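Structure record follows, encoded as structure tokens.
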Amino acid sequence: MLSGRQSIAGPTRRQVGRLLTAGRKLAEEAATSPKRRVPMRDKSSDCASSTTFLQPNSSVTRMPEYPLLEKVGLLGRPDVRMRDPAHVEDVLRQLIAGGTPKLQLVVDFDQTLTRVHVEGKRCHCSWGIMDNSDLMPAFYRDEANKLFRTFYPIEIDPTMSEEEKIPHMIKWYESIHALISKCRVSKDSIKHMVASSSTRLRDGTEGMMQVLNEKGVPVLVFSAGMGDILEHVLMRFGVYTPNVKVVSNYFKYNEEGYMVGFQGDLIHMFNKNENAIHSSDYFSQLTSRSNIILMGDSLGDINMAVGVPQPHNILRIGFLNDKVEERMESFMQGYDIILINDQTMDVASTIVNMLA
């Protein structure tokens, strides 16, 4: 290159003049041409991936604004919503800094750990396992399906407040509980019901749960379903490991091994922040684990971590499965990351692997 103090004369001046003219033309073309977006790294890379934007005639690159969101694969996906990406980026950064020793998970079961459908066909939730089992009498299946058609639309109605829904949910659960008590359900029959059901865990759940078990990360499965059934589901897929604690509605059996009622207080989808777990010593035993990944599929799941003493960081991941447009706004207010009709555990699994 030429020094700023070097003189130019004769033919060299003309050559430089032509170069300057050509440079101005290129600059004019660049100003009127659209910028090209050139992906420089595959999003599945193990390294911190980035999307690089190249300007014409420039070797300067710009790193993405949210490198961790990029690495998790949350950017540019039509099935992902985030109210505040900067907040999510910051929480991810702090989760990674704390690693697995600071981590605990609080998760819902039905349609959170489990799939909603496989190839468009609806999968059984913990209630559906019993509702659709041939081991249950016909009168139970008919009445249970009638109750579902009556109360499920209320549960997911975006126009009703939580306070308005609660009496209906209690009536639904009490009706189902009374109905089951008439059916002489035995302990032995539950395993067979689960084995013949269509219940499936979200793709990638087994791998994530294996990592969490190996690292000794506590997992609280908080469910308004039936604990006896979901425990058999967890065992069936090999994820009911020592680090997993289940809080749910459990059957009460008589001496002959038949279900005659339920134990303790009723857990429904809108009182998960009031259950006995929050007045027990469960969370107090985990005071060093102040980083939380919470996952749910309803607005009632948002408060499952109430009771955690002085949580530093909570990342709330919501699976939005039904009435997407109608419920989007309320989910955006409650969850940090919303996954629309996602049948995988890819996002949470990627985050866990980044911490491990």
Side-chain angles (χ1 to χ4, degrees), residues 79-80 105 107-136 138 140-156 169 172-173 176 179-180 185 189-210 219 221-240 244 246 248-249 267-269 272 295-301 304 317-324 327 331 335 338-349:
D79 60 337
V80 173
L105 268 69
V107 301
D108 174 55
F109 180 77
D110 286 318
Q111 300 186 351
T112 298
L113 280 181
T114 64
R115 291 181 65 116
V116 181
H117 59 78
V118 174
E119 296 180 352
K121 186 175 181 180
R122 199 85 174 185
C123 294
H124 295 151
C125 63
S126 61
W127 293 100
I129 289 173
M130 184 169 283
D131 294 351
N132 295 277
S133 173
D134 292 337
L135 298 178
M136 297 297 288
Y140 171 83
R141 290 195 298 274
D142 293 342
E143 186 61 26
N145 287 328
K146 185 187 301 182
L147 290 169
F148 178 84
R149 290 192 296 270
T150 299
F151 291 105
Y152 183 67
I154 295 175
E155 178 189 340
I156 64 174
M169 297 302 100
W172 185 11
Y173 278 62
I176 282 289
L179 188 59
I180 297 172
V185 176
S189 66
I190 295 174
K191 182 177 181 180
H192 297 291
M193 291 182 189
V194 170
S196 61
S197 74
S198 64
T199 302
R200 299 290 183 272
L201 299 182
R202 289 183 182 273
D203 293 353
T205 299
E206 291 98 322
M208 181 188 73
M209 295 293 278
Q210 181 180 350
V219 179
V221 179
F222 209 157
S223 174
M226 292 178 283
D228 303 73
I229 287 180
L230 68 88
E231 281 190 358
H232 277 283
V233 173
L234 295 175
M235 287 187 284
R236 180 187 179 193
F237 292 102
V239 297
Y240 200 14
V244 175
V246 175
S248 188
N249 297 301
I267 301 174
H268 57 75
M269 63 285 299
K272 289 183 176 180
M295 291 185 283
D297 76 305
S298 75
L299 297 179
D301 294 331
M304 291 188 296
I317 301 174
F319 293 93
L320 183 49
N321 304 309
D322 296 302
K323 291 187 178 293
V324 172
R327 302 167 73 197
F331 264 62
Y335 287 101
I338 298 96
L339 304 174
I340 303 169
N341 197 27
D342 185 343
Q343 303 305 305
T344 76
M345 195 58 72
D346 289 352
V347 170
S349 182

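No experiment lies behind these values; they were computed from the predicted model shown.
Taking the side chain as every heavy atom from C-beta outward, H124 and T114 never approach each other to under 4.5 Å. F237 has its side chain within reach of R200: a pair of non-hydrogen atoms, C-beta onward, lies under 4.5 Å apart. The shortest distance between side-chain heavy atoms of V107 and F222 does not fall below 4.5 Å. When side chains are defined from C-beta on, Y240 counts as touching E231, because their heavy atoms get closer than 4.5 Å. Contact check for R202 versus V116: side-chain heavy atoms found under the 4.5 Å cut-off. Side-chain contact between F109 and V233 is present, with at least one heavy-atom pair separated by less than 4.5 Å. Using a 4.5 Å cut-off on side-chain heavy atoms (C-beta onward), V239 and M208 make no contact. In this structure, Y335 and L320 have side chains that are not in contact, with every pair of non-hydrogen atoms separated by 4.5 Å or more.
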Next on the checklist: Test side-chain contact (heavy atoms from CB on, under 4.5 Å) on D131 and Y140; report intermediate values, then the result.
Outcome noted: CA-CA 7 Å; D131 294 351; Y140 171 83; 2.8 Å; yes
Checklist entry - Can Y173 and N249 be said to form a side-chain hydrogen bond (donor to acceptor under 3.5 Å, both in side chains), step by step? => result CA-CA 10 Å; Y173 278 62; N249 297 301; 5.7 Å; no
Next on the checklist: Run the side-chain contact (heavy atoms from CB on, under 4.5 Å) test on S298 and D108 for me, step by step, so that the C-alpha distance in whole Å, both residues' side-chain angles and the decisive distance to 0.1 Å come before the verdict.
Outcome noted: CA-CA 9 Å; S298 75; D108 174 55; over 6 Å; no
Checklist entry - Can you list the steps and then say if I129 with H232 is a side-chain contact (heavy atoms from CB on, under 4.5 Å)? => result CA-CA 11 Å; I129 289 173; H232 277 283; over 6 Å; no
Checklist entry - How far apart are the C-alpha atoms of K191 and M235, what are their side-chain angles, what is the distance that settles it, and do they pass the side-chain contact (heavy atoms from CB on, under 4.5 Å) test? => result CA-CA 10 Å; K191 182 177 181 180; M235 287 187 284; over 6 Å; no
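When all heavy atoms of S248 and G225 are compared, the pair lying nearest together is OG-O, 3.0 Å. For D322 against R327, the heavy-atom pair with the smallest separation is O-NH1, 3.0 Å. The minimum heavy-atom distance between G296 and D301, with the atom names listed, is CA-OD2, 3.4 Å. In this structure, M345 and G204 approach most closely via the heavy-atom pair CB-C, 4.0 Å. Considering every non-hydrogen atom in both T199 and R236, the closest pair reads O-NH1, 4.0 Å. Minimum heavy-atom separation, R141 to S133: NH1-O, 2.9 Å.
Taking the six-membered ring where the residue is Trp, F151 and W172 present parallel rings, their angle staying beneath 30° rather than reaching 60°.
In this structure, the side chain of D110 engages the main chain of S126 through a donor-acceptor pair within 3.5 Å. Between the R115 side chain and the D203 main chain, no donor and acceptor come within less than 3.5 Å of each other. No donor-acceptor pair under 3.5 Å is formed between the side chain of S189 and the backbone N or O of V185.
Side-chain N/O atoms of Q343 and N341 include a donor and acceptor closer than 3.5 Å.
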